[in-house]
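Note that the structure is a prediction, hence the values are computed from the model and not measured. Residue numbers begin at 1 in each chain, while the letters A, B, ... track the order of the sequences.
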Amino acid sequence: MKDVKAEIQDKLKELTVSALKKAVDEGVLNLAKIPDFNIEVPQAEAHGDFAANVAMVAAREAKMPPRKIAEIIKERMETTGTGVERIEVAGPGFINFYLSPTWAHGVIPVILNEGDAYGRQDIGKGKKVQVEFVSANPTGPMHMGNARGAALGDALASVLEMAGYDVTREFYINDAGNQIENFGLSLEARYLELLGYEGRIPEGGYHGEDIKDHMRELIEKEGDRFLHVDPAERRAYFIEYALKKNIDRMKRDLENFGVYFDVWFSERSLHNEGKVQEVIRLLTERGYTYEKDGALWFKATEFGVPKDEVLVRQNGVPTYFASDIAYHKDKFDRGFEWVIDIWGADHHGHVPRMKGALAALGYDPEKLTVIIMQLVRLYRNGEIARMSKRTGRAVTLADLVEEVGKDAARFFFNLRGADTHLDFDLDLAVKQSEENPVYYVQYAHARIASIFRQAAEQGAAVPEVRDVPAGDLDRLLSMLTQDTEVQLINKLADFPGEIRVAASTLSPYRIANYTLELAAAFHSFYNVCRVLTGDPDLTTARLMLVKAVQQVLRNAFRILGISAPERM
RNA sequence: GCGCCCGUAGCUCAGCUGGACAGAGCAACGGACUUCUAAUCCGUGGGUCAGAGGUUCGAAUCCCCUCGGGCGCGCCA
């Protein structure tokens, strides 16, 4: 919960504000109110540890050059006992703060004390949020797009948990509608074919090998008895049979990918419980529907959507849209205060009408956030590979895990934002698995584990922080003054802030990038500083440092769903 | 045609939600293992931030337009 860096920034801001107030009181500076400014970290080290942009922000109102304002504030800054070593005015008017190199050292005991909880924040304040992701059609195996969605959604859910939200992971099973009809017809066609009869897969049906496999297996178990069963009846049986197999397999594949859902929500249950009919009735009651061409339409245009949408087809069957409205209504009725959906880019047109429908029902559309994830383009043998599961040739999530590995795949997907169009070169990913960046970050963890094994042999151990007298702790940690040590410690102090930003911008990829930076800082340190030295105090201090690094790596890995190996 | 996303080094991408000279990895080249794992480190070269305007003290970042790529615009999901 503690954020050493944010505390320093707050303190510097307070110092700056009071200096500025003083100047105003003295009449040297003419400002009606304190301007909105921030304490940021300069990208160039030479510019200090922190910098305030207050002078530039205030320049217009104060009618004074920014550098002059900065000087005025600087002269009135009260820095005794704050760790600030010097202050300089630079560039267009930045006030740069140079702190004692040990300003962040206090983060080490914080990390060691908080352990797995280090980085946890409370910006969510326990708010109930649902993250719905993957939600792949249960008509076949999951593809690369689903894999990306799984990696992204799970990491996002974890980031939100770390940020203090009460998160539920949910998978929506599309076990109703047209595609299920086609699924049944496809299964039936294969069944007939396998028994030497003529079968025809309908337009929009499924041609994959998995459909055949299902029926082959069924024939082994139950023979040809369905030849004489009423077609509608046998299709229903085939659907039940294959759907269960597919869903079980999806659960298994996702678990192998390290993704676990709290809720598997069936679309069919919405129909069975009359919730689809109810939502259609409600929309009609509220005057947002009309009949045309024998179908029932939703007046989406009243909500800024380009065209109205069909809710119930001419044949009386509700559309996917209708059940999706019922589904989202149900989400809010279950008490979620915030609902996040992760959809593929091919569904983005669905967003405004979904929000429109929620508004029509009297729900706040702002409480629904839809993350549009750009599609994965798969390359194989240097060519674009079609990902349609209907060709039966697509690389599945299970293939990916087997070929590339869970850790590499999950890390790779979370290295980029949802916005990026992702080209996944399968050959390259497989071939370069040894060079995959995931090994870089995991190696840092394994190296630290190795140090501890070595330390144990030598009888050196990391002391429990609570066993070390406070004065002693400061003395030990203040020995860590080499550049690589200071940089590494500063990086550790960044973690809580990274969690906050990743959560508030819904960008778990930041955490992956952070692990790369932290690992880089550690590897640099490792090549310069020996941990196990002849000096017991220095050894203890460095053991605490690398223990803290290992802890933060683990916390980040947990979010990303990758393992923390003890050896590599 | 209209809407959404993207365009940063040879390649893949960051760029802290407007800050001080644009960064990293891969690829190329040159160095570092009798010491806790060299799956590592250190160094060198490389960019008109697609293009043109605008807002601002200040723009890769925000707004408008153009060009290029992806995806949508179904009584499919």
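Listed in residue order, the members of residues 519-535 of chain A having a heavy atom less than 4.0 Å from RNA chain B are His523(A), Ser524(A), Tyr526(A), Asn527(A), Cys529(A), Arg530(A), Val531(A), Leu532(A). If you check residues 300-311 of chain A against RNA chain B, the residues with a heavy atom closer than 4.0 Å are Lys307(A), Val310(A), listed by number.
Taking 3.5 Å as the limit, the base of G72(B) and the side chain of His350(A) contain no donor-acceptor pair of atoms between them. Side chain Asn182(A) to base A77(B): no donor-acceptor pair is found below 3.5 Å. Contact annotation: side chain of His347(A) to base of G72(B), donor-acceptor pair absent below 3.5 Å. At a cut-off of 3.5 angstrom, the base of C5(B) holds at least one donor-acceptor pair with the side chain of His421(A).
Ala44(A) comes within 4.0 angstrom of a base, heavy atoms only. Note on Pro352(A): nothing from the nucleic acid sits closer than 4.0 angstrom, heavy atoms only. Within 4.0 Å of Val57(A), counting heavy atoms only, lies at least one base atom of the nucleic acid. Asp293(A) comes within 4.0 angstrom of a nucleotide base, judged by non-hydrogen atoms across all strands. Among the heavy atoms of the strands lying under 4.0 Å from Arg353(A) is at least one base atom, whether or not backbone atoms are also near. Among the atoms of the strands shown, none is found under 4.0 Å from any heavy atom of Phe321(A). Counting non-hydrogen atoms under 4.0 angstrom, Asn53(A) reaches a base of the nucleic acid. Among the heavy atoms of the strands lying under 4.0 Å from Arg60(A) are primed sugar atoms or P, OP1, OP2 only; no base atom is included.
Between Arg510(A) atom CZ and C13(B) atom C1' there is a gap of 14 Å when expressed in whole angstrom units.
Two residues are said to be in side-chain contact when any heavy atoms from C-beta on lie closer than 4.5 Å; Asn137(A) and Ile180(A) fail this criterion.
Between Phe50(A) and Trp103(A), the ring center distance clears the sub-6.0 Å criterion.
Mapping Ala446(A) and Val41(A) onto RNA chain B by nearest heavy atom places Val41(A) closer to the 5' end of the strand.
If you check the side chains of Gln374(A) and Asp419(A), you find no donor sitting under 3.5 Å from an acceptor. Under 3.5 Å, the side chains of Thr539(A) and Thr533(A) contain a donor-acceptor pair of N or O atoms. Using a 3.5 Å distance cut-off with no hydrogens or angles, the side chains of Gln179(A) and Thr139(A) do not pair a donor with an acceptor.
Scanning both residues, Asn38(A) and Lys13(A), for their nearest heavy atoms gives CA-NZ, 4.4 Å. Of all non-hydrogen atoms in Thr420(A) and Arg416(A), the two that sit nearest each other are OG1-CB, 3.4 Å. Ala326(A) approaches Lys275(A) most closely through the heavy-atom pair CB-O, 3.6 Å.
Residue Tyr440(A) places no side-chain N or O under 4.0 Å from the OP1 or OP2 atom of A38(B).
By the 30° and 60° cut-offs, the orientation of the rings of His445(A) relative to Phe557(A) is tilted. Note: Tyr172(A) and Phe265(A) have tilted aromatic rings, judged against thresholds of 30 and 60 degrees for the angle between ring planes.
Atom C1' of G15(B) sits at a distance of 9 Å from the matching atom of U61(B), rounded to the whole Å. Taking atom C1' on both nucleotides, A60(B) is separated from A14(B) by 12 Å, rounded to a whole Å.
For the pair Arg353(A) and Phe303(A), the cation does not sit on the ring face, since its NZ or CZ is not both under 6.0 Å from the ring centre and inside 45° of the axis.
In the set C5(B), A77(B), G19(B), the nucleotide with an atom closest to the side chain of Pro92(A) is G19(B). Listed nucleotides: A20(B), C21(B), U17(B). Nearest to the side chain of Ala51(A): A20(B).
Looking at RNA chain B, the stems built from 3 or more consecutive Watson-Crick or G-U wobble pairs, each pair with its key distances under 3.5 Å, are B:1-7 with B:67-73, B:10-13 with B:23-26, B:28-32 with B:40-44.
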Residues Asp494(A), Glu517(A); criterion side-chain contact (heavy atoms from CB on, under 4.5 Å); working and verdict
CA-CA 11 Å; Asp494(A) 283 341; Glu517(A) 288 171 15; 5.6 Å; no
